[in-house]
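Contents: one structure, followed by commentary.
Counting starts at 1 for both ligands and their atoms, following the listed order. All values below come from the heavy atoms of this structure, side chains included, with hydrogens, waters and symmetry mates left out. As the structure is a computational prediction, the values presented were derived from the model and not from experiment.
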Amino acid sequence: MTALLINRKNYFAGAWQTSDSGRTFGVLNPATGGLIGEVPDCSEAETNRAIRSAQLALPAWRAMAADERSRKLKKFNQLIIENRKELSQILTTEQGKPLAEAEREILYAASFVEWFAEEARRVYGRTVPGPTPERRIIVTKQALGVCAAITPWNFPCAMITRKLAAALAAGCTMIVKPAPETPFSALALAELALRAEIPPSVFQVITGDAEKIASALMSSTSVRKLSFTGSTEVGKILIRQSAQTVKRLTVELGGNAPFIVFEDADIGKAVKGAMFAKYRNAGQTCVCVNRFIVHESRVEEFAAGLCSASSALKVGNGLDSGVEVGPLISIEAADKVRALIEDALSNGAKRLSGENISAIGPCFIHPTILSGVNKSMRLWNEEIFGPLCAISSFKTEEQALELANDTEYGLASYFYTKDLSRAFRVAEALESGCVAVNDTVFAFPQGPFGGMKQSGYGKEGGQEGIEEYLTTKYVMMAV
Ligand code: SIN
């Protein structure tokens with residue numbers, strides 16, 4: 001790639017740098033398997049320098065008037081929007097999602113920067129009457145300090161800005177370790193942040209050895225918080241590691257979203273919603289539907305609608321015009337989805353449509369629909385992360401809820417009904433941090449996104465988002 005925003009160095013300690021060892025690692029285009037470029041393979045020493053630098057940059061950034069921080073974030077937002085074509089090109093090339101979807105992600109990423117630029121000016125404290133006449137209790141909010149983020153490949157820009165903008169708005173500095181599959185988007189954001197005159201070392205990007213970089217971040221007493229989006233397995237390791245320095249965490253982990261279609265649902269709307277909630281990013285989001293749970297009286301109608309809409313989707317290289325479903329991120333990821341399909345078929349599921357093997361390339365899977373899915377199958381308990389629709393059926397509302405909540409995850413749930421009482425009842429009973437009723441979109445900065453159960457804790461977005469980077473101080477004032 002020869003784009004202007006492509007940077008093959010890391011940005012830390014006030015400069016664009018290579019790794020100390022000079023080692024690099026390659027980044028592949030999942031659509032073609034071709035090498036896009038190499039980035040530095042950094043380790044503990046470089047991370048420790050970034051931490052020191054973030055600490056040095058902290059006092060001035062934290063002390064800056066909130067209005068001024070807000071202005072810089074607004075400039076950053078504007079630059080992301082102005083450069084959205086180039087950013088989308090980078091994103092599609094390294095991540096695979098169709099170009100139009102990549103551009104929507106860039107605008108989504110920018111929307112977090114705009115939102116938190118506004119929130120920066122609304123970090124309020126309060127005064128509480130004291131227990132005796134001469135006492136006043138003053139409650140203030142202060143920036144936590146140096147923060148870190150470990151971000152995933154499925155939203156190479158938006159999952160960074162959702163953390164970064166909240167941290168910077170609160171007055172914190174942040175070091176980001178992007179996923180090895182998608183470093184170029186992160187490095188492009190670092191370049192734009194510098195152009196927005198966000199001071200050097202307020203935002204730094206380090207690529208390289210995940211374990212070593214994480215170990216340096218987690219053992220540092222200067223790093224006061226880590227925000228992580230990724231697997232529950234890695235999240236648990238980070239939770240354990242955070243104990244050594246009592247670090248604050250936001251962990252946005254795996255999902256296993258149910259999508260319930262009640263007997264009174266508008267099937268046309270449910271199918272339309274399902275298409276978005278299943279195929280966004282080729283099924284590779286933590287909030288993508290994992291299990292369709294459809295009333296037995298409507299299951300055939302719903303499945304037929306889903307088959308017909310799914311078979312019309314154009315699969316291919318995200319850079320080609322009209323493509324709606326791109327490749328999965330890697331051959332291993334595609335092989336896992338193929339294994340889930342085979343496991344379900346061998347346990348009694350029926351294939352209604354779709355193919356496992358694609359002539360386009362090894363990372364591609366064509367939208368696949370299975371019916372007759374049940375709890376004995378791996379896809380009931382494992383996150384699918386691919387364009388595979390798994391349909392099961394139910395008889396009663398109670399049974400639908402039992403099936404929907406039959407998972408250790410608790411990030412997102414969807415359901416379709418026209419019954420208002422049921423809408424409230426079911427929304428309250430679903431064990432997940434985000435619930436959509438007759439809708440499927442959570443991708444807005446206004447909402448406090450996050451899970452419960454083993455999907456993690458902490459919120460990103462909403463008024464809660466900035467709180468994650470603030471600490472509350474209680475001042476007892478005798479006057
Ligand atoms: C995810 O974390 O995978 C989903 C993020 C989003 O929907 O914005």
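- With Asn256 contributing its side chain and Trp380 its backbone, the two residues share a donor-acceptor pair below 3.5 Å.
- For Gln446, the CD atom sits in a packed shell: over 12 heavy atoms of surrounding residues, nucleotides or ligands are nearer than 6.0 Å.
- Residue pairs meeting the salt bridge (Lys or Arg N to Asp or Glu O under 4.0 Å) criterion with at least one member in residues 248-262, sequence neighbours excluded: Arg162-Glu252.
- For residues 265-287, the set of pairs meeting the salt bridge (Lys or Arg N to Asp or Glu O under 4.0 Å) definition, not counting sequence neighbours, is empty.
- Put simply, the side chain of Thr92 never gets that close to the backbone of Gly318: no donor and acceptor are under 3.5 Å apart.
- Protein residues with a heavy atom closer than 4.0 Å to ligand 1 are Tyr108, Asn154, Phe155, Met159, Arg162, Glu252, Arg280, Thr285, Cys286, Val287, listed by chain and number.
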Name each donor-acceptor pair under 3.5 Å that joins a side chain in residues 149-161 to protein atoms two or more places apart or in another chain, with its distance.
unit_1	atom_1	unit_2	atom_2	d
Asn154	ND2	Gln284	O	3.1
Thr161	OG1	Ala109	O	2.9
Thr161	OG1	Ala158	O	3.3

